[in-house]
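As structure tokens, the structure follows; a few thoughts come after it.
Note that the structure is predicted; figures quoted are calculated from it, not measured.
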Amino acid sequence: MYYLRTVLQYALTLMVALAVNFFLPRLAPGNPINSLLGADVVETMTAEQVAQVAAELGIHDPLYLQFWNYLTGIFSTDFGNSILLGMPVWDALMQRLPWTLLLMGVALLFSTLIGTVLGVLSAWKRGEITDIVTMGGVLFIGSLPPFWLAMMLIILFSTTLGWLPSFGAYQLGTSFPRPDWFLGVGKRLIMPALALGVVQAASVLLISRASMMAALDQDYIMFARAKGVSERVIFFKHAFRNALLPLYTHVMMGLGSLVGGALVIESVFAYPGLGSLVVMGVNSRDYPLLQGLFVIATISIILANLVTDIFYPLVDPRTRRAR
């Protein structure tokens with residue numbers, strides 16, 4: 001019953017989000033026909049010609065009919081044709097989505113590992129110089145905007161040192177699966193993943209530190225020490241396992257911020273993911289392209305929250321028994 005209720009709640013949330021995604025681009029100022037053909041060209045066209053172009057773009061129908069076509073297209077992976085690219089929106093998304101997933105996956109792995117290790121060690125050494133230095137650095141890094149950090153990385157590693165390329169996802173002239181192709185992908189992934197993951201690691205560190213400190217202050221830790229249990233066993237078996245529960249929730253819920261951050265970082269590094277499509281779609285008022293992008297982002301975030309709710313009872317047996 002719990003899982004059915006959870007799925008229904010997220011299904012309702014998804015429907016509301018899809019409706020917002022449909023109407024939001026249409027509230028933005030501008031006309032897709034003017035953006036595609038230019039205002040000067042549109043002024044020279046007759047009303048019949050403008051209506052014909054609107055029919056070809058699929059924006060001549062009443063709004064309710066456009067909304068119905070939008071919903072049916074989502075479930076059939078038919079998002080229409082991009083006004084700007086002149087190709088099916090689904091094909092354009094599938095070309096760019098793997099690069100965004102790669103960037104987000106590396107950034108998530110980096111932020112989770114670094115943030116968890118530093119946060120747990122900081123809590124274990126709380127009050128010492130290691131804890132003070134770590135917290136000071138975290139508060140400073142966590143306050144930096146990701147796009148500013150990305151530009152600083154470009155200045156340092158690309159412009160000044162010349163170690164890493166500053167744009168693209170792979171080296172031109174190489175092809176999959178040659179080793180030089182993988183090498184080019186790895187080099188071009190370091191700075192975007194670092195810029196996206198460092199700020200996220202700061203929040204993970206704060207959560208893991210607070211969770212670890214709360215676990216270390218529990219009565220069962222004092223009881224274990226009174227029994228003569230070694231500090232190693234107390235650290236890993238008692239404190240760390242319980243500190244992972246809120247950290248798991250934070251990491252899964254943080255996927256939403258990673259999606260938004262990846263779109264900005266991709267624009268800075270000219271990374272061929274979904275971020276560049278967002279910029280192109282907004283500038284050209286490409287309704288089908290924007291709708292497809294918003295749908296992918298919305299479904300990703302809602303699925304991440306749904307997976308968090310479904311698997312949390314498996315992570316924490318206490319919630320499973322309560323339910």
State yes or no: do [X] and [Y] share one hydrophobic cluster built from I, L, V, M, F, W and Y residues joined by side-chain heavy-atom distances below 4.5 Å, directly or via other members?
{"X": "L161", "Y": "L149", "answer": "yes"}
{"X": "M152", "Y": "F110", "answer": "yes"}
{"X": "L101", "Y": "Y170", "answer": "yes"}
{"X": "L18", "Y": "F67", "answer": "yes"}
{"X": "I154", "Y": "W148", "answer": "yes"}

**OP:** Just jot down the salt bridge (Lys or Arg N to Asp or Glu O under 4.0 Å) partners of D219, sequence neighbours excluded, or say none.
**Re:** none

Original post:
Partners of D91 by salt bridge (Lys or Arg N to Asp or Glu O under 4.0 Å), sequence neighbours excluded?
Top reply: none

Original post:
Is a side-chain N or O of S158 found less than 3.5 angstrom from the main chain of I155, in a donor-acceptor match?
Top reply: no

Subject >> Donor-acceptor contact present, side-chain E266 to main-chain L274, <3.5 Å >> reply: yes

Got a sec, which residues hit side chain to side chain contact (heavy atoms under 4.5 Å, CB included) with [X], two or more places apart in sequence or on another chain?
{"X": "I132", "answer": "none"}
{"X": "M104", "answer": "T100, L258, V259, A262"}
{"X": "V106", "answer": "L102, L189, A193"}
{"X": "F147", "answer": "P145, M151, V264, V268"}

Original post:
If you take all heavy atoms of I302 and A17, which pair is closest and at what distance?
Top reply: CD1-CB, 4.4 Å

Subject >> Test log, rule side-chain contact (heavy atoms from CB on, under 4.5 Å), inputs M222 and K227 >> reply: CA-CA 9 Å; M222 184 182 303; K227 289 172 57 179; over 6 Å; no

How long is the straight-line distance from [atom2] of [Y] back to [atom1] of [X], given to the nearest 0.5 Å?
{"X": "R178", "Y": "L183", "atom1": "CZ", "atom2": "CG", "value": "11.5 Å"}
{"X": "F269", "Y": "M191", "atom1": "CZ", "atom2": "CE", "value": "5.0 Å"}
{"X": "S267", "Y": "L277", "atom1": "OG", "atom2": "CG", "value": "10.0 Å"}
{"X": "L153", "Y": "T159", "atom1": "CG", "atom2": "OG1", "value": "11.0 Å"}
{"X": "M212", "Y": "D217", "atom1": "CE", "atom2": "CG", "value": "11.0 Å"}

Original post:
Does the side-chain contact (heavy atoms from CB on, under 4.5 Å) test come out yes or no for Y271 and I265, once each step is laid out?
Top reply: CA-CA 8 Å; Y271 201 76; I265 295 300; over 6 Å; no

**OP:** Applying side-chain hydrogen bond (donor to acceptor under 3.5 Å, both in side chains), name anything that partners R188, two or more places apart in sequence or on another chain.
**Re:** none

**OP:** State which residues pass side-chain hydrogen bond (donor to acceptor under 3.5 Å, both in side chains) with S82; sequence neighbours excluded, sorted by chain then number.
**Re:** D286

Side-chain donor-acceptor distances from residues 162-169 under 3.5 Å, at least two apart:
none

**OP:** Scan for ring-ring contact (aromatic ring centres under 6.0 Å, His included) pairs involving residues 182-222, sequence neighbours excluded, and state none if there are none.
**Re:** F176-F182

Which atom pairs, one a donor and one an acceptor, fall under 3.5 Å between side chains of residues 114-123 and the rest of the protein, sequence neighbours left out?
unit_1 : atom_1 : unit_2 : atom_2 : d
T116   : OG1    : T112   : O      : 2.6
S122   : OG     : D131   : OD1    : 2.3
S122   : OG     : R209   : NE     : 3.1

Original post:
Can you find a heavy atom in the side chain of M87 that is under 4.5 Å from one in the side chain of Q95?
Top reply: yes

Please set out all donor-acceptor pairs under 3.5 angstrom arising from side-chain atoms of residues 194-201, sequence neighbours excluded.
unit_1 : atom_1 : unit_2 : atom_2 : d
Q200   : OE1    : S257   : OG     : 3.3

**OP:** Check the pair L97 / M94 against side-chain contact (heavy atoms from CB on, under 4.5 Å), numbers first and verdict last.
**Re:** CA-CA 5 Å; L97 182 60; M94 291 302 101; 3.7 Å; yes

